[in-house]
*Asks:* 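One structure, pasted below without further comment.
Note that ligands are numbered from 1 as they come in the structure, with each ligand's atoms numbered from 1 the same way. All values reported here derive from a predicted model rather than from experimental measurement. Below, each value reflects all heavy atoms present in this structure, side chains not excepted, and no hydrogens, waters or symmetry copies.
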Amino acid sequence: MRRWRNLDSFSTFLGLIRYVPYVACIVALKIYVMMLLVHSRDATTDYADYDDYVVRQKPTQPSTTTTTHEPGWREKQEILQRLNSTVIIPSATNRTPETIWLFYNRMPRTGGQTMVSLLKSLAKDLDYQHQEHVYRTPWQRLMSEEEQRNLATWFEYNFWPKSYDRFSLFINFTHHRSPYVTLRPAYMTIVRDPVEKFISYFRFKRVDQQRAKMEMTWREREKPGASRKWYWKKLKDCVLGGDPECTLKDDSDDFISAVPFICGQFDYCMKHGNRYALQKAKFHAEFEYSVIGVLEEWNKTISVLEHFIPSFFKGATQRYYSTEFETEKQVNKNPKKYKEESEEVKTALKNRMTVEYEFYEFLKQRLYKQYQSIEDLLRLPTTKLISKSTEDPSFSKWDRLDIELGRNMKP
Ligand SMILES: *[C@@H]1O[C@H](CO)[C@@H](O)[C@H](O)[C@H]1NC(C)=O
Ligand SMILES: *[C@@H]1O[C@H](CO)[C@@H](O)[C@H](O)[C@H]1NC(C)=O
Ligand SMILES: *[C@@H]1O[C@H](CO)[C@@H](O)[C@H](O)[C@H]1NC(C)=O
């Protein structure tokens, strides 16, 4: 009896196995049809991939052929046409557009780490997200058109308030944004006295191990024995001895000054002493940037940021001087102690940076004017205390420059 039963279930099983190929065929066909559908959706641009917000906005957006320009576009175009012969005067005008994004294109050795800590601290209370750039390729400041467009798309992808910082030359987001998007980020950055920055960078290149190793390997390959000489080079000998690292010849490549960073993604922007680059940088500074802070004027910088970009910096001064921030703050300071450089060295350097200084003075003037315009406001007992959330601030202990150099410096 038992035996017979077993036989029966076995034959049932065998009977079922016959259908397996048919079932497999049907499943495969279904998958194939689904793939076809997905692909046809890709072929016709479907904005549903983005966000509800965009979908809702889409019907009311102007079509791409009838472009609407931001206010003041025509005047700006006219100035751009005759940029070479125009004197640009800094003003206190607030250039912050209606926006939910902030782009901070930071520069090396200008207090960027501190500013990023401040942004991250304020983000929790002001309801935005600060996104750090993940550096995959070192020192990528000059970007291809496609990379710039990808960055613009990244901002658009999720329509929520966010700020983003990166070592990057100025990017025209208006140019790279998608046709159905009307926002661009507010732009900000910080500059520093050019000679001080040059000296700081000269030292930091050698103190930062990864950075030093990269440069030494490269120099050793060019000329055996050159790497140690480079490593032990004194700034004084470099500046006064006519070393190419410190001569700052016109048209030599410049990757650290404020002019290229604010001038933008053009070859002439990175040529030391280029006056057209200076004009372009002044133009962007005056007409595009909300705030360009000055490291030497830190208090004014935070006050102006607070009033010119309130959605990202409201309460910044108070936060900066609060005891909580002391624990959150990260600074990327060179731990080594140095003797003050002589006036002779500084003057020699300064004489090689006339374009840089013209720009630095221009930016200082603009910051002063902006500060003056809010001075009356500052006297009023206004700033409401922001309640600081009590949760434990979990800050990434990554040093940004180290990330850029691929070094993981754990605390
Ligand atoms: C300004 O001068 C530079 C070279 O000095 C030139 O390349 C550029 O085309 C000029 N720009 C305009 C708008 O005239
Ligand atoms: C940015 O791009 C837009 C669109 O192409 C253009 O109208 C505008 O003049 C550009 N702005 C600057 C400062 O070059
Ligand atoms: C900056 O502001 C802080 C706090 O208000 C103050 O203690 C400090 O003296 C100011 N620094 C300068 C240079 O004015």
*Asks:* Only one of I190, L295, N332, V331 passes side-chain contact (heavy atoms from CB on, under 4.5 Å) with T114; say which it is.
*Replies:*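 Only match with T114 under side-chain contact (heavy atoms from CB on, under 4.5 Å): V331.
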*Asks:* Give a yes or no answer on whether the side chain of T99 reaches the backbone of W101 with a donor-acceptor pair at less than 3.5 Å.
*Replies:*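 Pair found, side chain donor or acceptor close to backbone of W101.
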*Asks:* Are the side chains of S303 and Y371 in touch, meaning some heavy atoms are under 4.5 Å apart?
*Replies:*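 Touching, per the 4.5 Å side-chain cut-off.
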*Asks:* Would you check if K233 and F202 make a side-chain contact, meaning some heavy-atom pair closer than 4.5 Å?
*Replies:* yes
*Asks:* Looking only at heavy atoms of Q77, does any of them come nearer than 4.0 Å to an atom of ligand 2?
*Replies:*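 The answer is yes, since Q77 has a heavy atom less than 4.0 Å from ligand 2.
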*Asks:* Report, in ascending order of atom number, the atoms of ligand 2 lying under 4.0 Å from any heavy atom of F283.
*Replies:*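 Listed by number with element, the hits are 13 (C).
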*Asks:* Is F173 close enough to touch ligand 2? Criterion: a residue heavy atom under 4.0 Å from a ligand atom.
*Replies:* no
*Asks:* What residue and atom, counting heavy atoms only, is the protein's closest point to atom 5 (O) of ligand 2, and at what distance?
*Replies:*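 That would be H175 ND1, 2.8 Å.
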*Asks:* Considering only heavy atoms from C-beta outward, does the side chain of E306 approach that of Q318 to under 4.5 Å?
*Replies:* no
*Asks:* Would you please determine whether W73 falls within less than 4.0 Å of ligand 2 on a heavy-atom basis?
*Replies:*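 Yes; W73 lies near enough to ligand 2 that a heavy-atom distance drops under 4.0 Å.
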*Asks:* Heavy-atom distance to atom 3 (C) of ligand 2: which of I171, N172, L80 wins?
*Replies:*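 It is N172 whose heavy atom sits nearest to atom 3 (C) of ligand 2.
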*Asks:* Looking at atom 7 (O) of ligand 3, what's its closest protein heavy atom, distance included?
*Replies:* Y321 CE2, 4.8 Å
*Asks:* Below 4.0 angstrom from a heavy atom of N299, which ligand 3 atoms are there? Numbered from 1 as shown, please.
*Replies:*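 In order of numbering, the contacting atoms are 1 (C), 2 (O), 3 (C), 8 (C), 10 (C), 11 (N), 12 (C), 14 (O).
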*Asks:* Just checking, is any N or O donor in the side chain of H130 or S163 under 3.5 Å from an acceptor N or O on the other one?
*Replies:*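 Yes.
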*Asks:* For E222 and R219: C-alpha separation, side-chain torsions, deciding distance, then whether side chain to side chain contact (heavy atoms under 4.5 Å, CB included) applies.
*Replies:* CA-CA 5 Å; E222 296 283 297; R219 282 179 187 268; 5.5 Å; no
*Asks:* Measure K76 to ligand 2 on non-hydrogen atoms and call it side chain, backbone, both or neither using the 4.0 Å cut-off.
*Replies:* neither
*Asks:* Which atoms of ligand 2 sit under 4.0 Å from any heavy atom of H284?
*Replies:* 13 (C)
